[in-house]
Amino acid sequence: MSETNFDSNPACTVHRVRETSKFAQWINRLGVYVVVAALLIIGMAVAPTKFLSLENIRNTLQSVSLMGMVAVGMSFVVYSANFADLSAPMIIAFSGMITISSIRMGFVPAFVIGVLSGTLLGAISGFVIGKLRAHPVIWTMAYNFVLSGIVRWIYMGSQIYPDVIAPDSAAVDTFYNLSRASIPIGDFSLSWMTVVMLAMIVLGQLILKRTKFGNQLKVVGSNYEAARLSGINVTGVIITVFMIAAFCFAVTGVFFASISKMGAYYNGEGYDFRAVTAVLLGGMTLMGGKGDMIGTFGGALVMGMLTNIMNLIGVSTFEQYMVLGVAFLIIVWITTISDRKLGKS
Amino acid sequence: MSEQGAGREMLKMHNVSKCFPGTLAVDCVDFDVRAGEVHALVGENGAGKSTLMKLLAGSFNDYTGTVRIDGQEVKLHTPAQSKAHGVGMIYQELSLARPITIAENLLVGKLPVRGLFINDREVKRQARELLSRVGLDKLDPSLPVSAISQCEAQLVEIAKSLGDNPKILVMDEPTSALSSEEVHRLFAIIRQLKAQGIAVIYISHHLQEVFEISDRVTIMRDGRRQGTYQTDRITKAEMTHLMVGRSVDEFYAQRISAIGDELFRVEGLSRWGFFHDVSFSVSAGETLAVCGLAGSGRTELARAIVGVDRYDEGRILLQGEEVRFANMFQAIQSGVVYLTESRSVDGLAIRLTAAENIMSAHIPDHAKGIFYKAADGNRDVQELIEALNIYPAAAQRQALNFSGGNQQKILMAKWLATNPKVLILDEPTRGVDIGAKEIIHKAIDRLAKQGTAIILITSDLPEIVGLSDRAVILRNGHVIGEIPRNGILETELLMAANGEGEYVHV
Amino acid sequence: MDGKRKLNIPRLVNEYRVYLILVLMLLIGTQARRYFTVLNIKSILDSTVLFTMIGSGFTLCMICGHMDLSVGLMANLGAIFAVGLHTLQGLPWAASIAVALLAAAAAGVVNGILVTKGKIHSFIVTLGMQFVLRGIVYIYCGAGEIGVSGDYALGDWLNHQLGGFPLTPKFLITLSVGAVLALILWKTRFGRNVYVTGGNRDTAWLGGVNTTATTIGAFAISGVVSALGGILFAIAQSSAAPNLGEKGISPLMVALAATVIGGTSTYGGKGSVWKTFVAVIALMAMNSALNIIYRKIEIQILANGLILAAVVLYETIVAYFAGKKAGARAQLLLERKRQIAEPSPR
């Protein structure tokens, strides 16, 4: 190859690296937060007084808290290039139900048992996908199906209620309070659920960027075989990924059960796809090894703000589904194009 | 024996160039082929031969220069156009669809129909007819491609191209997975094609084959044509000289090796079906070449040594102690590392940055407990980028934005970072330009001088000659010979790889 | 080189496993009272209608190398539009059904375009499309059921038993659609193109196959067939609900289960709509037996899930050990297939 002729041969004009405009680079770095900013502006235009009110912000954050928790876990799965963990709905439901079933042992033990059992469910997926290389979508869907059958069979298809299992107990009260309590910050009270979600985001980001595991995961997500041949314990990494994800789903499940004051096999339905939407909006790609938790938070924010604005305008919940779907497809399409344009030059 | 190139000019490429981001792959090349001629195209890895042929096959719509086929100027911007103008291409990487039947692969895009429906009988008949052209008449065309051997698949690939009745047929390393009887069979088929007036372009690393089958030969280097000659009027030495740019002796500085004690030994290593009873040893500072044709089990051997694949019998000794690696991590911890054959498949994570790739095997050593951040390895990365002259020296640039040669340097840097005792290299300069090749060779040399034992798996003969102290020949998974330092000459290596010569003792 | 494949019993068993599973289910059926009656068999066959149609659509896209997660909602869309336009807007059945099918076809084409031209992964595209369709469905019917008030003629006709046989027009229509689809896949150029495109897109493209049109066609047909399933189901039930079967078993799950159990490869290029059909019958046969024996839907769901999981694990493990035995080259080819590919210009 003649590196000198590269400059003189006319066939190469199109390939000379152009300095991409600073503006374009900034847009690419900020990613989803450009959309957040746009939504902020739209929101302020649409409902100037209400939109930026503390109460509105609090409500918006609250509405995305549950989905945000799921999205943190889902982010790890997407980052590892394993599409998504479609067994999230059942892990959410399962953990909630186990917690409620054990509520007689006291709140903390029940919480621990619920979260632990949910996390262990993830280990199985991690093994089947990480070691045996099953197709992640097919396996997690099948797993969801199996778990659904197991949960429905154990509880004979019915819901369970904490105050029926352990009437008049302090544990149940704490359990209900979990999702209803808030932390006062000056005039503003931040819901406990939001705090937990934010904590998970921060922790998730730390894990991704500042640990050995997270950095190795980046290689695994980018090229599984290359990672394996670099001495990375790919099976261990993927099992950990699915366990972290399951942990997040389990925590979500406990909160969900707390909000609805009951455990049911359909708790968690729909959260898998919504979480994946937030993750993809936030800049992660199915190919893995790209993006971070801050982006996922941005994706969740976008979904929350979009819903909030639509509520303020008076768009019905049904129309919101459609808008969400269309917005999702458009944003993903733009991201794909911009990645290609900037990444290759 | 080559025949006189006869017939009219079938292909004329004039002043053709093709550029990629960062690389000028084909630089103002003129190339012509006549009907009924076998025209060989030779050159080092990265010389531009494959790119030139891909251009002919219509893979690029942004080349410059003119192409005339059978006198008519044509635009080859898509594979369909290329095919329509009579170009048939037989790829190195088989382009068959594995779950689909042979018949449907052969007739893809032109399944015979009767009304709305496929005419099954006609499909079978046409498929059988095509298969018989390559001597595969006994093969059942309703088998899926996944059920036949590599060699049979190669022949099916050829039969498929013949189905389009091409005027020009390009074969890119067609013999890489064939045994010598199968090669003879292929040559018989090629001679038939010549007689039918097809212009055949033959790309190969096996100079022996080039001399046997071709009428003319064009040598490329650095993306440019170095010359075109009648095959019976050029010697191998002259050809090699043109390929390399300097005489082989000049290309490699006088090798001064400081060989120490035995560092690494393999005894009786076997894995059923892949390699059998392989034994060799390497000393500190020594470079041992393992050569053999593709399919001789070299890669499987290397992977078994580092614990990625298994082996059934034998032992491995590192510094006198027996070791067995259960996985790559253990191998790296013990100082035995392996640079993989294909950088884009399992060598580099192409969308990660140069820095991330360089650190990818080295993270545990830089980690403090469970913590690690990307910046921890920055100093090491910078040193390696400088040492290997990686251009551009941008650690945060994605690996896919570097040229092939620089990507290979990044891969090399990754393994240098681990400070290995034993470095197994699998085709370290494949698809790499001359400049990068030189740098990689220098790095290997430096490493050897520091006392590392190097096992060099390569089919690049000048590389073996210039870099190694000894050579071990592998054929069909068996070690058939060993060549000491003073015996390493290209011709010896070539013959030995083919199972002949004084160093071969079967 | 003998050119003939050696008789490999395990491989043969695996090829035809769906029939073995059906036989197994029927054996379980022998334990159930009044299982082999005309009435029961008719009910089994009837229950396959929705799932077979959706399953066929899913299988078709999978053979083409893509995942269509929106098949369940295509059925919903079809059901709501067909019933709604007739009942609420007063269009004749033929018109409302036609509009419903057209809408589904349009949605399928959008899916196809986003996947081919937009170069977005089918997982993402059909995920988003799910949302959009759900929104449309909810907007149209306001989250309430649409009942076929008064005009039960068509529904009754679909449901009536033919002579003494366990067959209804509903099922026969399904059977015919399945047969036509199988015929298209097996014997037309388009069908064979679907297989090649799924088997190796490069091979197809280099061979001159219009992979874009083929893929868009696959998604369109998937949408139409799924919608038709929903339409038949809703008319026969005389009502269309915005969440078809979601409190019971998710139709997408069953479609996936039937596709995988039937032997369609998740990587494309290999599979059979017919086998998916048989798989659905097998699953419904099992459900019927379990329903008679245990009377609890939970056990049915558990059994369905376990079979799917078993088949998935089986295939995974077989592929795992095959990979261990193969040489480096084969392993790398397999891993490359697993990698989510950079969208190529075809």
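This is a predicted model, so every value here is computed, not measured. Values below: all heavy atoms of this structure, side chains included; hydrogens, waters and symmetry mates excluded.
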With a cut-off of 6.0 Å (strictly less than), are more than 12 heavy atoms of other residues, nucleotides or ligands near OH of C/Tyr19?
yes
Over 12 non-hydrogen atoms of neighbours within 6.0 angstrom of NZ in B/Lys54
no
For B/Ile148, which atoms come within 4.5 Å of any heavy atom of chain C: side chain, backbone, both, or neither?
neither
Residue part contacting chain C, namely of B/Asn105, when any heavy atom lies under 4.5 Å:
side chain
Given side chain to side chain contact (heavy atoms under 4.5 Å, CB included), test B/Val113 with C/Arg192 step by step and report yes or no.
CA-CA 12 Å; B/Val113 286; C/Arg192 301 322 299 174; over 6 Å; no
Any donor and acceptor pair, going by atom type alone, linking the side chain of C/Arg189 with main-chain N or O of B/Leu111 inside 3.5 Å?
yes
Just by modelled atom types, is the B/Asn119 backbone N or O under 3.5 Å from a matching donor or acceptor in the C/Lys187 side chain?
no
Quick one: CG on C/Leu206 to CE on B/Met89, what's the gap to the nearest 0.5 Å?
10.0 Å
Name the member of B/Ile100, B/Asp164, B/Thr78 that forms the most heavy-atom pairs with chain C at distances under 4.5 Å.
B/Ile100
Identify the heavy atoms of [X] and [Y] that sit nearest to each other, and give their distance.
X        : Y        : result
B/Glu104 : C/Val196 : OE1-CG2, 4.4 Å
C/Lys270 : B/Pro99  : CB-CB, 4.2 Å
B/Val108 : C/Val209 : CG2-CG2, 3.9 Å

Give the C-alpha distance, both sets of side-chain angles, the deciding distance and a yes or no for side chain to side chain contact (heavy atoms under 4.5 Å, CB included) between B/Ile118 and C/Trp186.
CA-CA 8 Å; B/Ile118 309 263; C/Trp186 204 241; over 6 Å; no
Do C/Asn200 and B/Arg98 have side-chain heavy atoms sitting under 4.5 Å apart?
no
